[in-house]
There are 2 protein chains.
Amino acid sequence: MNSDFVEMNVLYDFYGSLLTGKQMDIFKMYYMDDYSLGEISQELNISRQGVYDSLKRAESILKYYEDKLGLVKKYNDNMERLSKIKRSVDEVKKHISDKKALEALEDIEKEIDSLEL
Amino acid sequence: MNSDFVEMNVLYDFYGSLLTGKQMDIFKMYYMDDYSLGEISQELNISRQGVYDSLKRAESILKYYEDKLGLVKKYNDNMERLSKIKRSVDEVKKHISDKKALEALEDIEKEIDSLEL
């Protein structure tokens, strides 16, 4: 299995909906709920090899889509930009006292937080 | 074929990379370069029915992915939020004169424009 649980969980966040129901179940048990292959095998009444194959297949599907669509990379890039924007908003705040300007800045912060990246 | 060329072009922007090379070619000729089915058929030496099937298949692939991932919807929602943010930035500008605050606002505008939505 892929040893990078964080990477796998992030990929799942973006592309998990493209897996089959069974792949989703196994993936979540292994990468989120920390079941071993043997435990998943017992729980779902599938051979250990079947569990392994399904996990490997799910991993390669998630990676294929990241390779094609690059949503995780885009997300990470955007998060960096958002941090910069937030720092700049704080910087503006430090230098102003006008009430209307401060209100508009709050609107900016609210809308920034509502962006779905 | 789908009569909404704009919708098809937007879907292609987001999910076109998931089509096969041949599907891409036919899709672009039809939806971007305004070729007729007959013209594509002649140009690529494929039957008219083959062109039709490939286009239909490409359309349903693009729609399938939008149904699963919703990137176009997310994009449109984010564009609305971005417009609000830009209006609020203009609003802040109207009420301040501090040089450092204005500089920080310019940084905000620059980073906002660099977001990949």
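Naming convention: chains lettered A, B, ... in sequence-line order (proteins, then strands); numbering from 1 in each chain.
- Within the 4.5 angstrom heavy-atom criterion, atoms from both the backbone and the side chain of Asn78(A) approach chain B.
- When the shell of 6.0 Å around CZ of Phe14(A) is examined, it contains more than 12 heavy atoms from other residues, nucleotides or ligands.
- Taking chain A as the reference chain and counting heavy-atom pairs below 4.5 Å, the highest number among His95(B), Arg87(B), Lys93(B) is found for His95(B).
- Distance check, rounded to the nearest 0.5 Å: CD1 of Ile85(B) to OG of Ser114(A) gives 6.5 Å.
- Residue Leu115(A) touches chain B through both its backbone and its side chain, counting heavy-atom pairs closer than 4.5 Å.
- Heavy-atom neighbours of Asn45(B) CG from other residues, nucleotides or ligands within 6.0 Å: at or below the threshold of 12.
- Of the listed residues (Glu106(A), Lys100(A), Glu91(A)), the one with the most heavy-atom contacts under 4.5 Å to chain B is Lys100(A).
- Both the backbone and the side chain of Leu117(A) come within less than 4.5 Å of a heavy atom in chain B.
- How far CD of Glu111(A) is from CD of Glu80(B): 9.5 Å, rounded to the nearest 0.5 Å.
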Q: Applying side-chain contact (heavy atoms from CB on, under 4.5 Å), run through Leu18(B) and Tyr65(A) and close with a yes or a no.
A: CA-CA 8 Å; Leu18(B) 297 168; Tyr65(A) 284 112; 3.7 Å; yes
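- Between Arg81(A) and Glu116(B), the closest side-chain pair of non-hydrogen atoms falls below 4.5 Å.
- Of all heavy-atom pairs between Leu105(A) and Val92(B), the closest is N-CG2, 3.8 Å.
- Around the NZ atom of Lys110(A), the shell of radius 6.0 Å holds no more than 12 heavy atoms that belong to other residues, nucleotides or ligands.
- No other option in Val89(B), Asp90(B), Asp77(B), Leu82(B) has as many heavy-atom pairs under 4.5 Å with chain A as Val89(B).
- Environment of CZ in Phe5(B): crowded, with over 12 heavy atoms of neighbouring residues, nucleotides or ligands closer than 6.0 Å.
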